[in-house]
Amino acid sequence: MDMEKLVSLCKRRGFIFPSSEIYGGLNGFWDYGPLGVELKRNIKEAWWQDNVRSRDDMVGLDCSIIMNPKVWEASGHVGGFSDPMVDCRETKDRYRADQLYVFKFELPAGPLMVAVAGGTAQDAKDSLDERLSKLGNKNALPIKKKDLPTPSVITYTELPEVDRILVIGPTATSAGSLTEPRQFNLMFSTNVGALADASSKAYLRPETAQGIFANFKNVCDTGRVKLPFGIAQIGKSFRNEITPRNFIFRSREFEQMEIEFFCHPSEAAQWYAYWRKARFDWYVRHGLQSGRLRLRDHDPDELAFYSTATADIEYEFPFGTSELEGIAHRGDYDLSQHTKFSGKDLSYFDEEKKERYLPHVIEPSAGADRATLAFLCEAYQEDEMGGETRTVLKFHPRLAPIKAAVFPLVKKDGMPEKGEKIYRDLKRHFNVFFDEKGAIGRRYRRQDEAGTPLGITIDGQTLEDDTVTFRDRDTGRQWRVPSAGVVQAVRDLVEPSTDA
RNA sequence: GCGGGUGUAACUCAAUGGUAGAGUACCUGCCUUCCAAGCAGGCAACGUGGGUUCGAUUCCCAUCACCCGCUCCA
């Protein structure tokens with residue numbers, strides 16, 4: 001299955017369109033069409049139902065997209081999301097300026113500066129020797145490697161501007177190929193109010209999580225909640241990505257489904273293990289069963305500095321294995337940051353244990369668009385039916401945009417009228433489709449491409465014994481159901497009791 | 001942001017320095033009793049902006065979007 005086929009199908013059947021396409025589109029933005037919006041909505045509703053409404057230890061929240069800018073200072077986004085980047089004109093490589101370490105050797109003829117890329121200063125130091133050997137082989141070193149004095153080291157960010165042309169880039173052979181660091185702030189900014197000055201500057205949220213932390217005290221004070229409990233939110237977030245890519249996988253406007261689960265520090269490890277498994281199982285239960293779904297624990301050196309454990313739920317997309325959801329053990333980092341920046345006490349008092357403490361947080365953070373894409377990729381299949389290749393989207397019935405399509409076998413003998421009645425009955429409960437035109441086979445195939453799990457056909461026998469034919473999307477198997485039982489039969493398919 | 005590729009109808013493609021054809025899809029009829037049948041008719045396109053030219057969908061430049069690689073990330 002390749003990406004272009006899926007993009008093509010999504011366009012053809014009305015799942016996903018390029019945003020503002022009649023004006024040439026806009027990089028990093030996508031629109032959901034009639035089928036796509038149903039699919040995505042079903043995913044979000046399944047998530048909300050399973051994680052919020054069916055639980056006793058979870059409440060929901062819907063925060064504003066624009067918040068007080070101090071929120072983003074506390075969260076670290078104002079600093080951490082503004083990564084200055086440096087390009088190499090010689091090799092076209094790109095680096096983060098703060099992860100580019102410049103080693104300065106004081107030589108009689110003048111300073112020699114060699115840049116090495118690395119996550120930390122130690123990483124850079126470790127690869128310095130190898131780098132110098134390569135330069136030596138290309139005769140780019142003015143003196144022998146072993147004769148070099150001990151260098152000093154600073155990051156490219158800290159390097160005085162005038163020295164930049166003296167630096168040899170990490171893969172370059174001569175000095176001066178690196179550009180100045182350029183700021184790429186990943187947060188979209190805007191201005192609140194009529195005046196566009198510094199005091200009115202605000203940001204579109206780059207994640208929904210901070211709204212939850214900012215409201216932690218409100219929820220505790222008013223929600224009659226007791227630890228451990230979680231707060232969930234589904235909503236749009238915005239990041240001015242440098243490279244939006246891979247269809248809706250990385251876009252600049254996207255939708256998150258996030259949980260912040262608060263608990264006693266001593267129970268955090270257990271809850272982390274719980275959510276790690278619960279979230280993985282949720283995807284499997286809704287159809288990601290092909291083995292393309294993985295649960296990957298971060299290596300210690302991969303962890304954010306405040307996190308003691310993080311696991312990614314990854315899916316093997318056609319363009320590579322990428323993250324669907326991250327489950328992070330964030331400790332008390334967020335609440336303590338907001339305590340510090342807001343000056344408000346965000347600790348929790350446990351009435352039973354008579355103990356006051358700052359809760360720890362487990363954060364399962366999922367991308368709704370990424371989930372939609374994964375379910376689309378997983379569902380897309382080309383198989384054989386009746387000797388013909390057909391394209392079919394094998395969605396889990398709960399997620400399918402259209403639950404059932406009603407077909408009068410032919411347009412006579414009262415079949416359209418009977419079908420219309422069944423369609424009306426179903427429509428009160430489910431998103432269903434009615435189609436009386438053309439050959440029955442064609443109508444089945446069309447619904448196969450939309451991912452409709454059930455075909456309901458009114459045929460000659462219906463007029464005799466008031467039963468209709470059910471046709472299974474995946475197998476083509478057919479069976480008869482009494483007209484009166486159609487609504488319940490569809491409900492059994494869409495809301496199986498084992499799904500809770 | 002860099003390098004490479006692509007851009008013609010809703011989709012998949014074709015042809016052409018003198019304004020474009022097909023298949024599928026879609027719409028209207030007719031016909032049809034279970035897996036993309038048939039007949040008749042219909043709708044529908046040169047990504048955008050410049051330039052060269054008597055004339056540009058075609059050649060050139062720019063731009064935008066998408067795909068691949070790098071980079072980055074939920």
Side-chain angles (χ1 to χ4, degrees), chain A residues 2-5 7-14 17-30 33 81 83 85-96 99 117 171 179 182 184 186 206-209 237-247 249-252 254-258 310 312-314 318-320 322-328 363-371 384-392 407-413 415 437-449 455 457-463 469 471 473 475-478:
Chain A
D2 67 79
M3 214 49 203
E4 288 191 43
K5 274 187 174 173
V7 173
S8 170
L9 174 69
C10 283
K11 178 77 196 301
R12 182 156 36 92
R13 287 296 176 199
F17 309 123
S19 163
S20 43
E21 192 183 13
I22 59 169
Y23 291 102
L26 187 61
N27 193 356
F29 298 90
W30 299 89
F81 266 70
D83 301 331
M85 304 298 287
V86 174
D87 290 315
C88 178
R89 295 186 192 92
E90 183 184 324
T91 64
K92 307 299 179 196
D93 288 333
R94 161 172 286 189
Y95 312 94
R96 270 176 59 171
Q99 291 183 354
T171 49
T179 64
R182 281 177 288 192
F184 291 92
L186 263 58
E207 61 174 40
T208 52
S237 292
F238 304 82
R239 292 188 193 180
N240 203 354
E241 295 286 350
I242 297 166
T243 314
R245 200 60 81 81
N246 294 329
F247 202 27
F249 181 81
R250 174 169 302 114
S251 46
R252 291 181 162 133
F254 56 102
E255 201 154 15
Q256 292 184 299
M257 306 187 290
E258 290 197 306
T310 298
D312 283 347
I313 297 173
E314 297 178 331
F319 49 81
S322 300
E323 180 182 352
L324 277 189
E325 170 163 353
I327 295 98
E363 176 190 80
S365 168
D369 308 272
R370 292 183 171 190
E384 288 261 318
M385 188 169 268
E388 297 259 0
T389 303
R390 70 161 182 169
T391 301
V392 56
F407 307 122
L409 185 58
V410 288
K411 226 198 289 189
K412 61 182 185 186
D413 297 341
M415 290 183 202
K437 294 197 193 79
I440 189 70
R442 178 195 298 270
R443 286 180 272 167
Y444 284 148
R445 297 298 174 84
R446 207 158 22 203
Q447 290 304 312
D448 289 344
E449 264 197 0
T457 305
I458 289 79
D459 50 28
Q461 200 179 326
T462 307
L463 309 173
T469 301
R471 179 256 190 190
R473 172 196 64 200
T475 60
R477 189 174 69 87
Q478 302 196 336

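Here is the naming used below: chain letters follow the sequence lines, and residue numbers restart at 1 for every chain. Quantities reported herein were computed from a predicted structural model and do not represent experimental measurements. Atoms considered below: every heavy atom in the structure, side chains included; atoms not considered: hydrogens, waters and symmetry mates.
Across the protein-nucleic acid pair, M3(A) atom CE and A65(B) atom C1' stand 16 Å apart, rounded to whole Å. Rounding to whole angstrom units, CZ of residue R245(A) and C1' of U71(B) are separated by 9 Å. Computed from coordinates, the N27(A) CG to C2(B) P distance equals 12 Å when rounded to whole Å. Summarising the geometry, the separation between NZ on K437(A) and C1' on C27(B) is reported as 9 Å, rounded to the nearest angstrom. Rounded to whole angstrom, the span from the CD atom of E258(A) across to the P atom of A74(B) amounts to 11 Å. Distance CZ (R252(A)) to P (C66(B)): 9 Å, rounded to an integer number of Å.
Comparing F29(A) and E255(A) by the nucleotide of RNA chain B whose heavy atom lies nearest to each, the residue mapping closer to the 5' end is F29(A). For F249(A) and P18(A), each mapped to the nucleotide of RNA chain B holding its nearest heavy atom, the one lying further toward the 5' end belongs to P18(A).
For the side chain to side chain contact (heavy atoms under 4.5 Å, CB included) test, residues two or more places apart in sequence or in another chain that qualify with S19(A) are F29(A), D31(A). Here E258(A) pairs with nothing under the salt bridge (charged side-chain N to carboxylate O under 4.0 Å, His left out) rule; sequence neighbours left out. Partners of R471(A) under the salt bridge (charged side-chain N to carboxylate O under 4.0 Å, His left out) rule, at least two apart in sequence or in another chain, are D448(A). Residues passing the salt bridge (charged side-chain N to carboxylate O under 4.0 Å, His left out) test with K411(A): none are found, sequence neighbours excluded. With sequence neighbours excluded, the residues that form a salt bridge (charged side-chain N to carboxylate O under 4.0 Å, His left out) with E255(A) are K40(A), K44(A). Remark: S237(A) pairs with R205(A), T208(A), F254(A), Q256(A) by the side chain to side chain contact (heavy atoms under 4.5 Å, CB included) rule, at least two apart or across chains. Annotation: side chain to side chain contact (heavy atoms under 4.5 Å, CB included) contacts of R12(A) (sequence neighbours excluded): S8(A), L9(A), E449(A). Take N246(A) and apply the side chain to side chain contact (heavy atoms under 4.5 Å, CB included) test, not counting sequence neighbours, and it matches F249(A), F319(A).
Taking the C1' atoms as reference points, G50(B) lies 16 Å from U57(B), given to the whole Å. U19(B) and G55(B) have their C1' atoms separated by 10 Å, given to the nearest Å. Comparing the same atom, P, in U58(B) and in U53(B) gives a spacing of 16 Å after rounding to whole Å. A distance of about 35 Å separates the P atoms of U24(B) and A65(B), rounded to the whole Å. Nucleotides A44(B) and A22(B), compared at atom P, are 14 Å apart to the nearest Å. Taking atom C1' in both A45(B) and C70(B), one finds a spacing of 35 Å when rounded to whole Å. Comparing U48(B) with C39(B), their P atoms sit 36 Å apart, to the nearest whole Å. Taking atom P in both A74(B) and A62(B), the straight-line distance is 35 Å, to the nearest Å.
T208(A) comes within 4.0 angstrom of nothing in the nucleic acid, heavy atoms only. Nucleic acid contact for G28(A): sugar-phosphate only, since backbone atoms but no base atoms lie under 4.0 Å from a heavy atom of the residue. Across all strands, F254(A) comes closer than 4.0 Å to base atoms (heavy-atom distances).
Residues C10(A) and F17(A) fail the side-chain proximity criterion, which asks for heavy atoms closer than 4.5 Å. The closest side-chain heavy-atom distance from D413(A) to L463(A) is below 4.5 Å.
For R252(A) (side chain) and P244(A) (main-chain N/O), no donor-acceptor pair under 3.5 Å exists by modelled atom type. Of the possible polar contacts, one joining the W30(A) side chain to the F247(A) backbone as a donor-acceptor pair under 3.5 Å is found. Although no hydrogens or angles enter the test, the distance criterion places no donor-acceptor pair under 3.5 Å between the side chain of E4(A) and the main chain of V7(A). A donor-acceptor pair under 3.5 Å is absent between the side-chain atoms of R239(A) and the main chain of E207(A), judged by distance alone.
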Can you name the atoms? Protein N/O to nucleotides 11-14 of chain B N/O, anything below 3.5 Å, with the distance.
{"from": "C11(B)", "atom 1": "OP1", "to": "K11(A)", "atom 2": "NZ", "distance (Å)": "3.0"}
{"from": "C11(B)", "atom 1": "O3'", "to": "S8(A)", "atom 2": "OG", "distance (Å)": "2.9"}

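Considering I458(A), I440(A), D459(A), L409(A) as possible partners of T469(A), the one that fulfils the side-chain contact (heavy atoms from CB on, under 4.5 Å) test is D459(A).
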* Watson-Crick or G-U pairs under 3.5 Å in RNA chain B, rendered as dot-bracket with [ ] for crossing pairs and | for another strand -> (((((((..((((....[..)))).(((((.......)))))....(((((..]....))))))))))))....

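Here the nucleotide nearest the side chain of T243(A), chosen from C70(B), A65(B), C67(B), is C70(B).
Distances shown here put every side-chain N or O of N246(A) at or beyond 4.0 Å from the OP1 or OP2 atom of C66(B).
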* To do: Sugar-phosphate means primed atoms, P, OP1 and OP2; the rest is base. With that split, encode nucleotides 30-40 of chain B 5' to 3' as B, S or - using protein heavy atoms under 4.0 Å.
  => --BBBBBB---

* To do: Spell out protein contact along nucleotides 43-49 of chain B as letters: B when the base is contacted, S when just the sugar-phosphate is, - when no protein heavy atom is under 4.0 Å; keep the 5' to 3' order.
  => -------

